[in-house]
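All values derive from a computational prediction rather than experimental measurement. Within every chain, numbering begins at 1; the chains are lettered A, B, ... in the order of the sequence lines, protein sequences first and strands thereafter.
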There are 2 protein chains.
Amino acid sequence: MSLPHPDADQIALPNVLAALGDETRLAIIGCLARCDAMNGLVCGQLGGLTSKTNLTYHVAKLREAGVVNVRPEGTKRRVTLRRDDLDARFPGFLDTVIASAIDLPLVDITLRQLHEAVQA
Amino acid sequence: MSLPHPDADQIALPNVLAALGDETRLAIIGCLARCDAMNGLVCGQLGGLTSKTNLTYHVAKLREAGVVNVRPEGTKRRVTLRRDDLDARFPGFLDTVIASAIDLPLVDITLRQLHEAVQA
DNA sequence: GTCCTTGTTCAAAATTCATTGAACAATTGA
DNA sequence: TCAATTGTTCAATGAATTTTGAACAAGGAC
């Protein structure tokens, strides 16, 4: 884990709320929620949402708030939801957020692009 | 109810998250959570947080997102949490938020001022 | 009616946040 | 080594939010 992440017990809800109070970041959460059953996503797979540079920015926000974990894999970055940590700290909270995040139009757009990318 | 409020079934979590992703508004929620067992608070009682004008702004944000109800009482405005509506729509969510909101330093400052105001 | 209290409106200023593009690093694979 | 892929950094722009003050309503007390 080479990037700085807050410890589980240092995750603060005000920071989490601020991190999630943004459409783009909610859409990222929605994609992760649908795809991270196994191993999360790599930043590039979220390309439909916004530019590469901007993704770096938003993923960092989520990481600093303790919402996601980012693990380098070669030149890629694997992004996963910190489900266990969030559930332990704020029971039920993440599920509520996910339920609304996966309804966002942006998520569907990106998931379609992800699907096309996998087929290509 | 002379001010516009969203119906219970129109409360959208992205809006709620955006409304709560702000220190001042979280502090308002914290005060309400401690004081609204009976009948909520009046804007003036939140005076320790920020200016009158700014309170109007933040309370409106919370109202528009569906987090609070604002009811005119003469020249005052009684502000209450929309507990039932939020619990019905996002079970457990509000309790989680409140638990962290009442720990905010700003809340204690304001509650002390409220206490002093009541004694005076 | 005349104050006083409470809160709103409006426009302006200040601040913060989000987005972009160019240049750069690091890894992978040929 | 060379090129392609993936993502970062930095500075700058643009956009949205927050904050402020002056002037204004609306109601209650006298």
Item to check | Audit row: B:Asp108, B:Arg34, salt bridge (Lys or Arg N to Asp or Glu O under 4.0 Å) steps and yes/no | outcome: CA-CA 10 Å; B:Asp108 290 324; B:Arg34 286 219 218 168; 2.9 Å; yes

Within this structure, what is the [atom1]-to-[atom2] distance between [X] and [N], rounded to whole angstrom?
X: A:Glu64; N: C:dA18; atom1: CD; atom2: C1'; value: 14 Å
X: B:Arg77; N: C:dT9; atom1: CZ; atom2: C1'; value: 13 Å
X: A:Arg71; N: D:dT8; atom1: CZ; atom2: C1'; value: 19 Å
X: B:Asp22; N: D:dT18; atom1: CG; atom2: C1'; value: 8 Å
X: B:Glu73; N: D:dA26; atom1: CD; atom2: P; value: 19 Å
X: B:Leu20; N: D:dT18; atom1: CG; atom2: P; value: 12 Å
X: A:Leu62; N: C:dC17; atom1: CG; atom2: C1'; value: 14 Å
X: A:Tyr57; N: D:dA11; atom1: OH; atom2: P; value: 16 Å

Next on the checklist: Quick check: on DNA chain C, is the nucleotide nearest A:Lys52 upstream (toward 5') of the one nearest A:Gly21, or the reverse? Name the residue that is more 5'.
Outcome noted: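 On the 5' side of the pair lies A:Gly21.
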
Next on the checklist: Need to verify one output field. Residue with the more 5' nearest nucleotide on DNA chain C, A:Ser51 or A:Thr75?
Outcome noted: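 Nearest-nucleotide comparison on DNA chain C picks A:Ser51.
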
Checklist entry - Considering only D:dC10, D:dG7, D:dT18, which nucleotide approaches the side chain of B:Lys61 most closely? => result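 Closest nucleotide to the B:Lys61 side chain: D:dT18.
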
Next on the checklist: From C-beta outward on B:Thr56, which listed nucleotide comes closest to its side chain: C:dA22, C:dT9, D:dT19?
Outcome noted: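 Of the options given, the side chain of B:Thr56 lies nearest C:dT9.
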
Next on the checklist: Would you say that A:Leu94 contacts A:Asp87 through its side chain, given a criterion of any heavy-atom pair below 4.5 Å between the two side chains?
Outcome noted: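 Yes. Closest side-chain heavy atoms under 4.5 Å.
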
Next on the checklist: Under 4.0 Å, heavy atoms only, any strand: does A:Arg25 hit a base, just the sugar-phosphate, or nothing?
Outcome noted: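 It contacts sugar-phosphate atoms only.
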
Item to check | Atom of B:Lys61, atom of B:Ala19 and distance for their closest heavy-atom approach | outcome: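 Looking at all heavy atoms of both residues, the closest pair is O-CB, 4.3 Å.
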
Checklist entry - Hey, does the side chain of B:His58 come within less than 4.0 Å of D:dT19's phosphate (OP1/OP2), counting only N and O? => result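 So the side-chain polar atoms of B:His58 do come within 4.0 Å of the phosphate oxygens OP1 or OP2 of D:dT19, strictly under.
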
Item to check | D:dT18 phosphate, OP1 or OP2, under 4.0 Å from B:Asn54 side-chain N/O | outcome: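 Indeed not, no polar side-chain atom of B:Asn54 lies that close.
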
Item to check | Salt-bridge criterion met for A:Glu73 and A:Arg71 (N-O under 4.0 Å) | outcome: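 Here A:Glu73 pairs with A:Arg71 in a salt bridge, since their nearest N and O are under 4.0 Å apart.
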
Next on the checklist: Rounded to the nearest 0.5 Å, what separates atom CG in B:Leu26 from atom CG in B:Leu49?
Outcome noted: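 With rounding to 0.5 Å, CG (B:Leu26) is 11.0 Å from CG (B:Leu49).
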
Checklist entry - So which one's nearest nucleotide on DNA chain D is more toward 5', A:Lys76 or A:Thr53? => result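 In this pair, the answer is A:Lys76.
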
